[in-house]
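So that we are looking at the same thing, I have put the structure below in structure tokens.
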Amino acid sequence: MLITFEGIDGSGKTTQLRLLKEYLEERGRKVIAIREPGGTVFSENIRELLLYSEENISPRAELLLFESARAHLVETLIKPAIEEGSIVLCDRFYDSTMAYQGYGRGIPLEEVKSCNMTATGGLVPTLTFYLKLDLDESRQRAKYRQHDRIEQSGNDFFERVIEGFAKIAEAEPRRIIVIDASGSIGATSIAIRNHVKRIL
């Protein structure tokens, strides 16, 4: 089983993933928690390039770097873990690529979708939590944090990303659960747990 967490920075993905991992482990489940891009040495190296390179990375080069990191992660970690019966929790997956590189950067959506399916070998998350947060709240939460290359892309870019996430969630309501991330950490965690209970 693959459960993914999506949303803009500051929405609480990392915190909620950690809380869900603790909840599942307390109930005897074997859980693997990873992030994208990253999760393996190879993919973490690509993450460093994507987020902190001073090079002018074009949108398509950016897309393909994300997909390379994802392909390696899926083949070497995610699929083997699922086959062994583990629950894999992933901080971002291909919905982020559709939102950021498709809607945000303007790469044709069908092109992004094709790249996503190639990188994942057709793997689709069992459940995806989209932690919905408006841009002002995101900026407020992240104001004391150092911003990476993508986080410096500007408000217009992030408005398109947010619009993209909304359209992605609307298109797949059975897989993607929209969670209001503007409330407390505890309330968000309870909402997520209640949805996970239904599929376990």
Side-chain angles (χ1 to χ4, degrees), residues 1-47 50-51 66-100 112-113 115-133 164-165 168-200:
M1 180 185 300
L2 173 62
I3 299 175
T4 59
F5 290 77
E6 299 285 4
I8 60 174
D9 291 294
S11 60
K13 300 182 311 305
T14 305
T15 298
Q16 294 302 329
L17 186 151
R18 175 180 55 79
L19 292 173
L20 181 59
K21 180 176 187 289
E22 292 171 359
Y23 171 79
L24 292 170
E25 288 179 334
E26 287 170 0
R27 282 148 185 79
R29 298 284 183 156
K30 185 178 180 182
V31 184
I32 294 176
I34 52 178
R35 67 179 181 178
E36 269 217 350
T40 68
V41 173
F42 176 82
S43 298
E44 289 288 343
N45 287 338
I46 293 178
R47 179 187 183 88
L50 280 164
L51 300 186
F66 273 111
E67 302 293 11
S68 294
R70 177 170 300 130
H72 189 263
L73 180 64
V74 168
E75 291 171 7
T76 63
L77 200 159
I78 295 178
K79 284 187 175 179
I82 292 173
E83 289 168 2
E84 292 173 0
S86 296
I87 298 174
V88 179
L89 306 180
C90 193
D91 184 344
R92 297 198 184 282
F93 200 55
Y94 62 63
D95 293 309
S96 275
T97 306
M98 186 67 78
Y100 281 77
V112 177
K113 182 177 180 179
C115 288
N116 282 339
M117 291 302 100
T118 297
T120 62
L123 177 66
V124 177
T126 307
L127 193 63
T128 296
F129 291 107
Y130 167 43
L131 304 185
K132 185 177 179 180
L133 193 70
F165 272 127
I168 293 164
E170 183 180 355
E172 293 190 66
R174 298 187 68 176
R175 172 175 70 87
I176 303 176
I177 307 299
V178 180
I179 302 286
D180 181 0
S182 64
S184 69
I185 291 173
T188 304
S189 178
I190 290 170
I192 289 170
R193 291 178 187 180
N194 288 338
H195 284 287
V196 171
K197 287 176 184 177
R198 297 172 189 170
I199 64 171
L200 294 179

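Here the structure is a predicted model, which means the values were calculated and not measured.
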Q: For Ala181 and Thr188, work out which heavy atoms get closest and say how close.
A: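 The pair with the smallest heavy-atom distance is CA-OG1, 4.3 Å.
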
Q.
Any heavy-atom pair between the side chains of Phe93 and Val124 that's under 4.5 Å?
A.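 They are not in side-chain contact.
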
(Q) Would you say Thr128 and Thr4 are linked by a side-chain donor-acceptor pair, where the criterion is simply a distance under 3.5 Å? (A)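 Yes, a side-chain donor-acceptor pair sits under 3.5 Å.
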
Q) Can you check whether Tyr130 reaches Asp95 side chain to side chain, under 4.5 Å on heavy atoms? A)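 Sidechains of Asp95 and Tyr130: no contact.
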
Q) Which atom pair, heavy atoms only, marks the closest approach of Leu133 to Gly10? A)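 The answer is CD2-O, 3.4 Å.
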
Q.
Can you see whether Ser86 engages Arg29 through a side-chain donor-acceptor pair at a distance of less than 3.5 angstrom?
A.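 Not at all, the side chains of Ser86 and Arg29 share no donor-acceptor pair under 3.5 Å.
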
Q: Evaluate the side chain to side chain contact (heavy atoms under 4.5 Å, CB included) criterion for residues Met117 and Tyr94: first the C-alpha distance (whole Å), next the side-chain angles of each, then the deciding distance (0.1 Å), finally the verdict.
A: CA-CA 9 Å; Met117 291 302 100; Tyr94 62 63; 3.8 Å; yes

Q: Would you name the heavy atoms of Lys21 and Ala33 that are closest together and state the gap between them?
A: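 Heavy atoms only, the tightest pair is CD-CB, 3.6 Å.
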
**Q.** Any Arg70 side-chain heavy atom under 4.5 Å of Thr120 side chain
**A.**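 Result yes, sub-4.5 Å side-chain heavy-atom pair found.
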
Q. When you measure from the side chain of Ser11 to the backbone N and O of Ile8, does any donor-acceptor pair fall under 3.5 Å?
A.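 A pair under 3.5 Å: yes.
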
Q) Do you know which two heavy atoms are closest between Ile179 and His195, and how far apart they sit? A)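 Scanning both residues completely, I find the closest heavy atoms to be CD1-CD2, 4.1 Å.
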
Q. So does Arg35 pair up with Glu44, basic N to acidic O under 4.0 Å?
A.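 Glu44 and Arg35: salt-bridged.
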
Q: Would you sort out whether Lys30 and Glu84 count as a side chain to side chain contact (heavy atoms under 4.5 Å, CB included), showing the intermediate values?
A: CA-CA 10 Å; Lys30 185 178 180 182; Glu84 292 173 0; 4.1 Å; yes

Q: Grab the two heavy atoms, one from Ala99 and one from Ile168, that are nearest each other, plus how far apart they are.
A: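 That closest heavy-atom pairing would be N-CD1, 3.9 Å.
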
Q | Side chain to side chain, Phe165 and Ser96, heavy atoms closer than 4.5 Å | A |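 The answer is yes, as the side chains (C-beta and beyond) meet within the 4.5 Å cut-off.
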
Q: Mind checking the CD-CD spacing from Glu6 to Glu36? Nearest 0.5 Å is all I need.
A: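 One finds 8.5 Å between CD of Glu6 and CD of Glu36.
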
Q. If you round to the nearest 0.5 Å, how far is CG of Leu77 from CZ of Phe42?
A.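 It comes to 14.0 Å.
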
Q) Do Gln16 and Ile185 have side-chain heavy atoms sitting under 4.5 Å apart? A)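 The answer is yes, as the side chains (C-beta and beyond) meet within the 4.5 Å cut-off.
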
Q.
Is there a side chain to side chain contact (heavy atoms under 4.5 Å, CB included) between Thr126 and Ile87? Walk through the geometry before answering.
A. CA-CA 10 Å; Thr126 307; Ile87 298 174; over 6 Å; no

Q: State, without any angle test, whether Tyr100 and Arg92 hold a side-chain donor-acceptor pair at a distance under 3.5 Å.
A: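 Yes, side-chain donor-acceptor contact under 3.5 Å.
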
Q | Check: Arg175 side chain, Leu127 main-chain N or O, donor-acceptor pair, under 3.5 Å | A |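 Judged by distance alone, no pair lies under 3.5 Å.
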
Q | Stepwise side chain to side chain contact (heavy atoms under 4.5 Å, CB included) test for Ile46 and Phe66 | A | CA-CA 8 Å; Ile46 293 178; Phe66 273 111; over 6 Å; no

Q: Check whether any side-chain heavy atom of Leu2 sits under 4.5 Å from a side-chain heavy atom of Cys90, and report yes or no.
A: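 Touching, per the 4.5 Å side-chain cut-off.
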
Q) Crowded around Lys79 NZ? As in, over 12 foreign heavy atoms under 6.0 Å? A)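 Buried by this count: over 12 neighbours within 6.0 Å.
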
Q.
To the nearest 0.5 Å, what is the distance between CZ on Arg193 and CG on Leu24?
A.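 Answer rounded to 0.5 Å: 9.0 Å.
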
Q: Report yes if the side chains of Ile34 and Ile32 come closer than 4.5 Å at any heavy-atom pair, otherwise no.
A: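 Yes, at least one pair of side-chain atoms sits under 4.5 Å.
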
Q. If only atom types and distance count, is the side chain of Ser43 paired as donor or acceptor with the main-chain N or O of Gly39 below 3.5 Å?
A.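 Pair absent, no side-chain N/O of Ser43 close to backbone of Gly39.
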
(Q) Using 0.5 Å steps for rounding, measure from the CG atom of Leu131 to the OG atom of Ser182. (A)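 Going from the CG atom of Leu131 to the OG atom of Ser182 covers 11.0 Å.
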
**Q.** Lys13 versus Phe5, closest heavy-atom pair with distance
**A.**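 Heavy atoms only, the tightest pair is CD-O, 3.6 Å.
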
Q | Side chains of Met1 and Ile82 in contact at under 4.5 Å (non-hydrogen atoms) | A |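 Side chain of Met1 against side chain of Ile82, heavy atoms only: no contact under 4.5 Å found.
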
**Q.** Euclidean distance, Leu123 CG relative to Leu73 CG, rounded to 0.5 Å
**A.**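 Rounded to the nearest 0.5 Å, the CG-CG separation comes to 10.0 Å.
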
